[in-house]
Amino acid sequence: MYEEVIKRIGALRLIPVVKLEREEDAVPLAEALCRGGLPAAEITFRTDAAAGAIRRIAGACPGMLVGAGTVLSCAQAEEALEAGAQFLVSPGTSGRLLDFASKRRVPIFPGACTPSEIMEAMEYGCEIVKFFPAVPYGGVKTIKALSAPFSQIRFMPTGGVSEENLKEFLALPQVIACGGSWMVKESLIRERRFDEIEDLARRAAELAKEEG
Ligand code: 3PG
């Protein structure tokens with residue numbers, strides 16, 4: 001499962017980062033993303049609806065890659081896996097979480113944007129880190145600089161990635177995929193504008209594909 005998840009992320013090249021308030025919106029949202037050609041979602045634990053949303057998507061859309069984001073504790077990680085999450089993402093590097101994920105053999109992408117954080121992630125066997133927040137921390141330039149000492153690490157830039165800069169990030173060989181929320185904006189979900197989400201996902205998937 002570990003390798004399969006990494007392969008799918010590397011093929012999609014873009015993971016929508018989702019925050020939703022109502023569990024009921026999860027399946028229509030997932031279906032819109034699938035219709036748009038972006039069958040993946042990182043459901044963030046920023047609301048109480050996260051675990052329920054993951055469970056609903058995993059049940060109704062088995063072809064979709066669904067993971068948990070903003071995972072801050074092992075309790076949340078446990079809840080996410082129990083709901084059916086296939087991968088975990090955290091905003092920072094936590095030894096406890098990395099230990100948990102390695103024991104459970106589940107892919108985890110810890111947030112890391114300094115050499116020390118990357119080294120800590122490496123100690124737990126991570127080869128891919130979420131470079132977060134990507135744009136405020138120097139974007140492409142910083143990833144290139146970090147890649148000099150960490151040539152084996154691949155990055156998932158997230159935070160400030162948009163239609164305008166997506167291709168710049170994806171053009172870097174060190175970047176496996178980007179995370180972004182522009183195609184699944186909170187307001188679009190809240191107002192149930194799933195057709196617009198589908199259109200934005202389609203445009204985003206096409207942009208990601210152009211960069212190969
Ligand atoms: C995340 O936690 O991954 C970010 O909040 C997503 O960043 P974005 O909203 O700038 O895409």
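When a ligand or atom number is given, it counts from 1 through the structure's own listing order. Treat the numbers as computed from the prediction; the structure is a model and nothing was measured.
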**OP:** Report, in ascending order of atom number, the atoms of ligand 1 lying under 4.0 Å from any heavy atom of V17.
**Re:** 1 (C), 3 (O)
Original post:
With a 4.0 Å cut-off on heavy atoms, is P91 touching ligand 1?
Top reply: no
Original post:
By number and element, which atoms of ligand 1 are closer than 4.0 Å to a non-hydrogen atom of K130?
Top reply: 1 (C), 2 (O), 3 (O)
Subject >> E198: side chain to side chain donor-acceptor pair (under 3.5 Å) partners, not counting sequence neighbours >> reply: R35, R202
**OP:** Could you check which of S162, P136, G111, G159 puts a non-hydrogen atom nearest to atom 7 (O) of ligand 1?
**Re:** G159
Original post:
If hydrogens are left out, which of R46, E42, K19, M183 has an atom nearest to atom 2 (O) of ligand 1, that is, the closest non-hydrogen atom?
Top reply: R46
**OP:** Return the residue, atom name and 0.1 Å-rounded distance of the protein heavy atom closest to atom 6 (C) of ligand 1.
**Re:** T158 CG2, 3.7 Å
Original post:
For atom 8 (P) of ligand 1, what is the nearest protein heavy atom, given as residue, atom name and distance?
Top reply: S181 OG, 3.5 Å
Original post:
Parallel under 30°, tilted from 30 to 60°, perpendicular over 60°: which one fits the rings of F87 and F109?
Top reply: tilted
Original post:
Using heavy atoms and a threshold below 4.0 Å, how should the contact between F132 and ligand 1 be classified: side chain, backbone, both, or neither?
Top reply: side chain
Subject >> G160 N/O under 3.5 Å from ligand 1 N/O >> reply: yes
Original post:
Salt bridge between R190 and E21, side-chain N to carboxylate O under 4.0 Å?
Top reply: no
Subject >> K185 and E196 ion-paired at < 4.0 Å >> reply: no
Original post:
Does the distance from a Lys or Arg side-chain N to an Asp or Glu carboxylate O, for E127 and R154, drop under 4.0 Å?
Top reply: no
Original post:
If you measure from the Lys or Arg side-chain nitrogens to the Asp or Glu carboxylate oxygens, is any gap between D199 and R203 under 4.0 Å?
Top reply: no
Subject >> Check ion pair E78-R104 (N to O, under 4.0 angstrom) >> reply: yes
Subject >> Per-atom contacts, ligand 1 versus G180 - under 4.0 Å to a heavy atom >> reply: 11 (O)
